[in-house]
Enquirer: 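Before anything else, here's the structure in question.
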Amino acid sequence: MDSAPKTPRPDDAFRARAQVLNLEGGARQVLDQARTRLVVVGAVFALSLTAVAVRLGDLAFLTQPEPRAAIAAVQPFKAERADITDRNGMLLATSLATASLFADPAKVLDAKETAKRLAQALPEVSYGDILQKLEGGGRFVWLRRNLTPRQQAAVHNLGLPGLDFRREERRIYPAGAVTSHVVGFTDVDNHGLAGIEQSFDKMLGKGEPVRLSIDLRLQHMLRREIQQQIAEFSALGGGGMIMDVRTGELLALVSLPDFDPQSPGTGDAVNRFNRMTLGVYEMGSTFKVFNTALALESGRVRMDDWVDATKPIQVGRFTIDDFRTERLRRWMSVPEVFTFSSNIGSVREVQQVGPVAQQRFLTSLGLTEKPSLEIPEVGRPHVPNPWREINMMTIAFGHGLSSTAVNNVTAFAAIVNNGILRPATLIARPDDYETSGVRVVSQTTSENVRRLLRLNAIVGSGKNGNVPGYLVGGKTGTAEKAGGGKGYSKTANLSSFVAAFPMNDPRYVVFVLIDEPHGNKKSYGFSTGAWVSAPAVGRVIAQMGPLYGVPPVDENEPSVQRAMYVNATAPGRRLGTETFVDATLKQPIDPKKAKPPAKLVSAPASNSSTLLQKVKETR
Amino acid sequence: MSFAVARTDSSILGRWWWTVDRWTLAALACIVLMGALLVAAASPPVAQRIGLPTFYFVQRHLLLLGPSLLVMIGVSLLSPTSVRRLAMVCFLGALGATVLTLFAGVEIKGATRWIHLGPLSVQPSEFLKPAFAVVSAWFFARHHAAREAGQRFPGNLIAIGLYLLTVAVLMKQPDFGMTFVISAVWFAQFFLAGLPILFVLGLAVMGVTALVGAYFTFSHVASRIDRFLNPASGDTYQVDRSLEAFVNGGLLGTGPGQGKVKLSLPDAHADFIFAVAGEELGLFATLAIVALFGFVVLRGFQRLTRDQDLFVVLAAGGLFTQFGLQALIHMGSSLHLLPAKGMTLPFISFGGSSLLALGFGMGMALALTRTRFGMHGDKR
């Protein structure tokens, strides 16, 4: 600074003043700059706060919170799953409202403490399981479904945060295992997994009840009798059916062992196997019913014809022989073939008809196709392809074609029901519904086969199934089980008996099958259908007849005698031993393409209201 | 006003009432009330979790709020000159005490920042922060005032020296957060004081270098920045809970006391109280909090743009910047806009002795922004 003038001059004074101004101007400049920059800092700050505000809005307003348990729980409660009842309205499956326990793990304060106290309150849940679920994250986890009111109260009283209940319904099966194979079961979310529960899942879910053709009383009876046979003959299992031949309704369907539909997963998986509908078996001698009907229906075999059963039949490396040969090995009449259950005789009969007609006939009886039953557990028959002469011969006595028990009962019912076939059903037929059927054999053939069946129940293998007064007629079957690709087992049998009553006007078919029975002292070591299954059928008919109001028949009455008359020793034609080959069809046809040459006939509906009335009267 | 103070009342309080910025005072009062509410809501679960009486933090917060407000009003009665002197004394005292923590401090969570004074644990660096801002401002202003008077006074150099000394002591503790705030405020003041743009850029580069250096020097800093940049790289539990709280709160919140974020966050009553506000009071309340802090800072700045005293502009500007920056870091951390940094929300978080320091800092800011004779240049 050079501001030290000795003599002040106006010029100096001006300069000094200017300098002061300049200095002042410098200070002002700094201050102005500071203020300007303050605005910059303020702007940066304001921008940052705006960013914070935008972020806040984004989180609080635009971000969807993770779905909370409370929101999930507000879902509209599904319509209650409808009941399944038997034909008389007895409950077989129903729904009960229950409370199910869930947790919102985010709201649970102390997972360990919660798990500990829950495990104390609900002894059937484990500490570790609950802890794992609570620590698993998320906003919703089931802890225990379908609590009883007592359990719910216990959990409620714990007062633990983060736990809540949701109203659910639980499927209850009042009949338990008795109808388990028919009714099936549901999963924990009430979706049908088996049986009627599965096949009518949507309808039941919509709240529409299903009324089954099953009669719980008959179901109980049949199951009890089969259980007794299984126990008596140390069998693997068994099964049985009762069918109303006029409607095709199954009044009972039992497969043993069965399971508890309340907890289907607890038992052996084998217990859930339905032997009546899913299992396909070579039925053995009961097939001779169809074979005889075929032979008679063809017109090539008559009731008084005789066939050559003097020696076993050799076909390639196979030998076809009879079961108890000592009293056979001779010429036999058609009734004798049936009552002695002669394999050789059966082959002789079918030889008159040929494989093509046999295949057509069995197809028309539905024995080569999956039965159209209303449950998903239905097996497809194993049918030979191609259908050669040897297949024809073995099928004649029930080997070489496997089908389900339902197939056989349905076909049997058609043969005895004047030749009208009606598909088997598990659903009660509406009262105002006229059922129609398909004719598979003539009235005459049906009557003749019925005579043979009745004869067999009097003098043949069906004696143990006969019940005085009910004109029972039936046919036994003892099929050797095919085992592991090594041919047939000599010791493992499927012993069955299929019967109908009353034979002059059949109303009901009763069928029992025992899987691998072992002969005992009482049966003189036999494990055949005659000794194992027929007694059970007899006991069922003895109980069922009065219950269903079937009037007892006087067997000595002339009209009955006439209807059941068979002359097993009448002299007649002697049939040849050559297989007939249909001239128009040299090659056996593909069974899948075969169509039954059936004509549709309408049949009178069974008078179901009368039936029910009678049922009520007998109660 | 209901307790009418006559315009002509020339008592100290009377003059104070008519000269202090009553709008800022009102905004601060709102913030303090909101804080009391939120500490009452957020702290009981925290206290229970660490085995203290349920209302331990609530009682301590309310207990210290009174003295804090008294300090604020008491300090705001002072003139700028007295403020400068008080700050100088406080600065020397706090610096000394901070140095003392290095030898006699109590180590909490890996850092020695606290001194026990009887029943009170004091973090001297909290007081150092506002005092240093005022002291730096004075040196910056003196530098220019001396030049104006044709003298030379190395104010800037002294400010730089004091800054380096302070930072050295803080990093020794270590206290990265405090260092960051003090550095940012000091830098802002230097910027206001006319630092040439070239130097501004240079210092910015140095600041970034320092951050990068801290990243490589301090493992906890590195891990926090890693987790911010790439949430998958580590545990982001606290930030996740915090964000969830804002989402859960929505527009209106779950209601005071009804939130659950405080159940899972260890520092819900301090470093994450904004998340508690977001959950329990909702978007409208959090926006109001943002607006209140914005109002205090921007209104302070606005008053300063008309002030003729460079010292006042720098000192009050620094104090308001510090106040606002601390709020920004707190909010930014809990919203995952910034790396997780434990920073209290001024006057809202539970803070113990830091409440007193806040009262002290805002008292000085209020004192400096009071209407003075000649503040708008009418002295000359």
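Every value quoted in this text rests on a predicted model; they were computed, and no experiment measured them. Reckoned from all heavy atoms, side chains included, excluding hydrogens, waters and symmetry mates.
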Enquirer: For A:Ala51 and B:Leu337, work out which heavy atoms get closest and say how close.
Expert: O-CD1, 4.3 Å
Enquirer: Would you mind checking which part of A:Leu109 comes under 4.5 Å of any heavy atom in chain B, side chain (CB onward), backbone (N, CA, C, O), both or neither?
Expert: side chain
Enquirer: Could you tell me the separation between the CZ atom of A:Phe61 and the CG atom of B:Leu251, rounded to the nearest 0.5 Å?
Expert: 5.5 Å
Enquirer: Does CG belonging to B:Leu198 count more than 12 external heavy atoms closer than 6.0 Å?
Expert: no
Enquirer: Ignoring hydrogens, what is the shortest heavy-atom contact between B:Phe293 and A:Phe45? Give both atom names and the distance.
Expert: O-CE2, 4.2 Å
Enquirer: Report which part of B:Leu263 has an atom under 4.5 Å of a heavy atom belonging to chain A: side chain, backbone, both, or neither.
Expert: side chain
Enquirer: What residue, out of A:Ala46, A:Gly42, A:Ala43, has the most heavy-atom pairs lying under 4.5 Å from chain B?
Expert: A:Gly42
Enquirer: Which value, rounded to the nearest 0.5 Å, describes the distance between A:Leu31 atom CG and B:His144 atom NE2?
Expert: 10.0 Å
Enquirer: Between B:Phe320 and chain A, with a heavy-atom cut-off of 4.5 Å, which part of the residue counts as in contact: side chain, backbone, both or neither?
Expert: neither
Enquirer: NZ/B:Lys260 to CG/A:Asp104 distance, rounded to the nearest 0.5 angstrom?
Expert: 8.0 Å
Enquirer: Considering non-hydrogen atoms only, spot the tightest contact between A:Ala60 and B:Leu283 and give its length.
Expert: CB-CB, 3.8 Å
Enquirer: Return the option, out of A:Leu49, A:Asp58, A:Leu56, A:Thr50, with the maximum number of heavy-atom pairs under 4.5 Å with chain B.
Expert: A:Leu56
Enquirer: So for B:Ile289, is it side chain, backbone, both, or neither that comes closer than 4.5 Å to the heavy atoms of chain A?
Expert: neither
Enquirer: Around atom CZ of B:Phe180, are there more than 12 heavy atoms of other residues, nucleotides or ligands at under 6.0 Å?
Expert: no
Enquirer: Please determine, among B:Phe191, B:Phe274, B:Phe246, the option with the most heavy-atom pairs under 4.5 Å with chain A.
Expert: B:Phe191
Enquirer: Using the rule given for side-chain contact (heavy atoms from CB on, under 4.5 Å), can you reason through B:Phe301 versus A:Val39, listing the C-alpha separation, both sets of side-chain angles and the distance that settles it, and then say yes or no?
Expert: CA-CA 7 Å; B:Phe301 282 8; A:Val39 172; over 6 Å; no
Enquirer: Let's test your reading of the structure: which of B:Thr321, B:Leu325, B:Leu287, B:Leu314 forms the most heavy-atom pairs below 4.5 Å with chain A?
Expert: B:Leu287
Enquirer: Quick check: does any side chain N or O of A:Arg55 sit under 3.5 Å from a backbone N or O of B:Gly332, one acting as donor and the other as acceptor?
Expert: no
Enquirer: Are more than 12 heavy atoms, taken from residues, nucleotides or ligands other than A:Trp142, located less than 6.0 Å from that residue's CH2 atom?
Expert: yes
Enquirer: Heavy atoms under 4.5 Å from chain B: which residues of residues 150-160 of chain A carry them?
Expert: none
Enquirer: May I ask you to decide if B:Thr305's main-chain N or O and A:Arg35's side chain share a donor-acceptor pair within less than 3.5 Å?
Expert: yes
Enquirer: For residues A:Ala34 and B:Val313, report the shortest heavy-atom separation together with the two atoms involved.
Expert: CB-CG1, 4.4 Å
Enquirer: Does any backbone or side-chain atom of B:Leu304 lie under 4.5 Å from a heavy atom of chain A? Answer side chain, backbone, both or neither.
Expert: both
